[in-house]
Amino acid sequence: MPQSAARRPASPNRSARLRRRLIMGSAAVAAALGVAACGTASGALQPSASPSAKGAITISPSTDPAPGAPGTPGSDGVPVTAGAGGQAAPPVTPRTPRTPDTTAGTSPSNASPSTASPSTAAAAPAVPATPLSATSVIGSTASGGRTVALTFDDGPGPATQQILDLLAQYNVKATFCEIGQNAAANPGLVKKVLAAGHRLCDHSVHHPQPFQKLPHDKAVAEISGAKDMIVKAAGPGTQVTWFRAPGGGFNADNEHIAAGLGMKSLGWSVDPRDWSRPGVPAIVSTVQSQLRPGGVILMHDGGGDRSQTVAALKQLLPWLVAQGYTFDFPAA
């Protein structure tokens with residue numbers, strides 16, 4: 001049979017070349033895999049950041065800002081308004097200060113709309129465009145120096161005539177702060193007060209307390225109503241120079257009401273609390289210890305039994321004269 005019809009065996013040289021190629025290829029692959037594995041483990045061959053990510057810093061939500069950093073709750077509780085890259089950050093609720101703020105509050109016009117929550121804005125009380133400020137409450141005499149002003153509240157009453165008689169003995173002029181309904185009930189005494197050269201003061205219609213808690217409309221009725229009653233009892237053209245709030249309950253509202261009616265707010269600097277009837281010696285000693293030149297003494301001619309007041313006044317008038325005091329009206 002001819003040789004060409006049978007399959008020829010592979011050449012020894014060809015087989016050797018194939019084996020060498022396979023071995024060399026495997027070694028190359030193994031080497032490449034080994035280098036890649038070592039590079040990843042050491043971090044030396046990390047892929048470079050993409051151009052779009054350059055300069056960007058990502059902060060994990062669990063990362064806490066350093067205490068005291070500006071614009072964080074760790075400093076002054078200022079809400080954060082901008083984050084990295086100028087993007088708006090979530091609002092942060094400010095902390096309540098440890099101590100109350102005694103300075104003037106921030107004007108609503110300075111509040112940032114981006115940081116004020118709707119609930120906070122709705123809860124804020126309305127502020128008048130021109131809030132009232134307290135006027136000065138008088139507690140001194142008109143001329144100052146070694147002078148004193150005597151004032152008598154809650155009349156006219158049963159003790160008013162006795163007090164008028166004592167004042168006349170020493171040629172003393174005083175101020176009578178009258179309750180409107182008492183003036184209306186005793187017009188004859190009101191006229192006697194004026195005829196003796198004394199002056200009048202509005203002390204409300206009904207003497208309600210605490211006077212500073214009255215709503216505006218009621219305060220107006222008490223102050224203006226008393227003035228009208230006093231003027232009606234004394235006669236047309238009577239001057240009512242001062243207003244004294246019952247219990248000293250002055251506030252900006254009632255002071256401005258009085259000012260609108262042409263009256264000054266009258267306080268005092270000496271209060272012997274004679275209305276409580278602490279005893280004649282207590283009334284006298286309190287006046288003597290508290291009085292300073294230019295002082296205003298608070299006493300009472302109405303509102304109850306004023307026999308202790310009359311008895312104390314009998315001692316105080318000569319003592320005041322002996323101390324070199326002259327008598328004056330409150331500042332107006």
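Note that this is a predicted model, so its numbers are computed, not measured. Quick note: residue numbers are just sequence positions, from 1.
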Could you check whether any side-chain heavy atom of Leu189 comes within less than 4.5 Å of a side-chain heavy atom of Gln161, counting everything from C-beta outward? yes
Tell me, do Met299 and Ile163 make a side-chain contact under 4.5 Å, heavy atoms counted? no
Is it true that Val321 and Leu164 fall in one hydrophobic cluster, defined by side-chain heavy atoms closer than 4.5 Å? yes
Rounded to the nearest 0.5 Å, the CZ atom of Arg277 sits from the OG1 atom of Thr309 at a distance of 9.5 Å
Heavy-atom check, side chain of Pro208 versus side chain of Leu214, under 4.5 Å: yes
Between Tyr325 and Phe327 the two heavy atoms that sit nearest each other are O-CE1, 4.3 Å
Return yes if some donor-acceptor pair links the side-chain N/O of Lys264 with the main-chain N/O of Ala258 below 3.5 Å, else return no. no
Out of curiosity, Arg306 CZ to Leu313 CG, how far, rounded to the nearest 0.5 Å? 13.5 Å
Please round to the nearest 0.5 Å and tell me the distance separating atom CG of Asp217 and atom CD of Glu222. 12.5 Å
Could you grab the distance from atom CD1 of Ile223 to atom OG of Ser265, nearest 0.5 Å is fine? 8.0 Å
Is there side-chain contact between Gln288 and Leu316, with at least one heavy-atom pair below 4.5 Å? yes
Any Tyr170 side-chain heavy atom under 4.5 Å of Pro318 side chain: yes
Any sub-3.5 Å donor-acceptor pair from Asp328's side-chain atoms to Thr141's backbone N or O? no
Before giving the answer on side-chain contact (heavy atoms from CB on, under 4.5 Å), spell out for Trp242 and Met263 the whole-Å C-alpha distance, their side-chain angles and the decisive distance to 0.1 Å. CA-CA 5 Å; Trp242 301 275; Met263 298 182 290; 5.6 Å; no
May I ask you to test the Asn254-Phe243 pair for a side-chain heavy-atom distance under 4.5 Å? yes
Test log, rule side-chain contact (heavy atoms from CB on, under 4.5 Å), inputs Lys314 and Leu166: CA-CA 7 Å; Lys314 290 179 180 179; Leu166 282 171; 3.7 Å; yes
Just by modelled atom types, is the Gly303 backbone N or O under 3.5 Å from a matching donor or acceptor in the Asp153 side chain? no
Give, for atom OG of Ser285 and atom CD of Gln315, the distance between the pair rounded to the nearest 0.5 Å. 10.0 Å
Does atom CH2 of Trp275 have more than 12 heavy-atom neighbours from other groups under 6.0 Å away? no
Does anything in residues 189-203 pair up under salt bridge (Lys or Arg N to Asp or Glu O under 4.0 Å), and if so which pairs, sequence neighbours excluded? none
Test side-chain contact (heavy atoms from CB on, under 4.5 Å) on Leu291 and Val148; report intermediate values, then the result. CA-CA 8 Å; Leu291 181 62; Val148 60; 3.8 Å; yes
For the hydrophobic clusters of this structure (ILVMFWY residues joined by side-chain heavy atoms under 4.5 Å, transitively), does one cluster hold both Val172 and Val296? no
Least distance between heavy atoms, Ile230 atom then Val190 atom: O-CG1, 4.3 Å
Using the rule given for side-chain contact (heavy atoms from CB on, under 4.5 Å), can you reason through Leu167 versus Leu150, listing the C-alpha separation, both sets of side-chain angles and the distance that settles it, and then say yes or no? CA-CA 10 Å; Leu167 295 175; Leu150 296 179; 3.9 Å; yes
Any Phe152 side-chain heavy atom under 4.5 Å of Val193 side chain: no
Between the CG atom in Leu200 and the OG1 atom in Thr175, the distance rounded to the nearest 0.5 Å is 8.5 Å
Going only through I, L, V, M, F, W and Y residues with side-chain contacts under 4.5 Å, is there a path from Val231 to Met229? no
Give a yes or no on whether the backbone of Arg244 and the side-chain of His203 come within a donor-acceptor separation of less than 3.5 Å. yes
Side chains of Gln169 and Leu317: closer than 4.5 Å at any heavy-atom pair? no
Closest non-hydrogen atom pair between Ser269 and Gly295, with its separation: OG-CA, 3.3 Å
Taking Gln308 for its side chain and Asp274 for its backbone only, find out whether a donor-acceptor pair lies under 3.5 Å. no
Hydrophobic cluster membership, Ile297 vs Trp268, 4.5 Å side-chain cutoff: no
With distance as the sole test, does Glu178 use its side chain to make a donor-acceptor pair with the main-chain N or O of Gly155 at under 3.5 Å? no
Where is the tightest heavy-atom contact between Ile283 and Pro278, given as atom of each residue plus distance? CG1-CG, 3.8 Å
Phe176 and His198 aromatic ring geometry - parallel, tilted or perpendicular at 30°/60° bounds: perpendicular
All heavy atoms of Phe250 vs all of Leu266, minimum pair found to be CZ-O, 3.2 Å
Side-chain heavy atoms under 4.5 angstrom apart, residues restricted to Ile, Leu, Val, Met, Phe, Trp, Tyr: same cluster for Leu261 and Ile179? no
Correct closest heavy-atom pair for Thr286 and Val270 would be O-CG1, 4.4 Å
